[in-house]
Amino acid sequence: MDNCIFCKIIKGELPSEKVYQDEEIIAFVDIKPQAPVHILVIPKKHIDGADTLPAEDAGLTGRLVIAAARIAEQFHLSGGYRIVTNIGKDGGQTVRHLHFHLLGGEKLKDSY
Ligand code: AMP
Ligand code: ZN
């Protein structure tokens, strides 16, 4: 997707602090962290969000969550963490490229 900032990060056209990468997934530090550890885990393939997830990408979605859990181990988040995906304007999604937020490193505040 030409105008997608996460696609630009994937292509290396924008910088990012990568913490994980494989054939279909990359993960990098959120530019505006909401917790001591705030990583974004995204597919290299452009998908708008969980609302438009093709059925054929069910496996990819599982692998994104597994990658997030592995990264959580890498960051020693043994006390727990949160994996979140926002959907659409009311859900607080500002970047229309599917991503899971991995948040942790402290006792997280309650939210919805
Ligand atoms: P959301 O609001 O759920 O769509 O999440 C988008 C996230 O992307 C926000 O937490 C932003 O801080 C983060 N973000 C936006 N641009 C960048 C960037 N260039 N590098 C890293 N994170 C970014
Ligand atoms: Zn994209």
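Note that the numbering runs from 1 along the sequence shown for the chain. Counting starts at 1 for both ligands and their atoms, following the listed order. Just so it is clear, the values below take in all heavy atoms, side chains as well, and ignore hydrogens, waters and symmetry mates.
Counting only heavy atoms of the protein, atom 7 (C) of ligand 1 lies nearest to Asp30 OD2, 3.5 Å. With respect to atom 16 (N) of ligand 1, the closest heavy atom belonging to the protein is Ile5 CD1, 3.4 Å.
The residues Asp57 and Arg63 are annotated as not salt-bridged, no charged nitrogen and carboxylate oxygen being separated by less than 4.0 angstrom.
At a 4.0 Å cut-off, not a single heavy atom of Thr85 sits close enough to ligand 1 to count as contact. The shortest separation from a heavy atom of Gly92 to ligand 1 is under 4.0 Å, placing the residue in contact. Assignment of His101 to the shell around ligand 1 is supported, since a heavy atom sits closer than 4.0 Å.
Looking at ligand 1, you'll find an N or O of His99 within less than 3.5 Å of one of its N or O atoms. Checked against a 3.5 angstrom limit, the closest N/O atoms of Phe6 and ligand 1 fall outside it.
Only the side chain of Leu40 comes within 4.0 Å of ligand 1, counting heavy atoms alone; its backbone N, CA, C and O stay farther away.
Proximity annotation for atom 4 (O) of ligand 1: of Ile31, Ile9, Thr94, Thr94 comes nearest, heavy atoms only.
Relative orientation of the His38 and His101 rings is tilted, given thresholds of 30° and 60° on the angle between their planes.
Distances from the Zn ion (ligand 2) to each N, O or S atom of His97 single out ND1 as the nearest.
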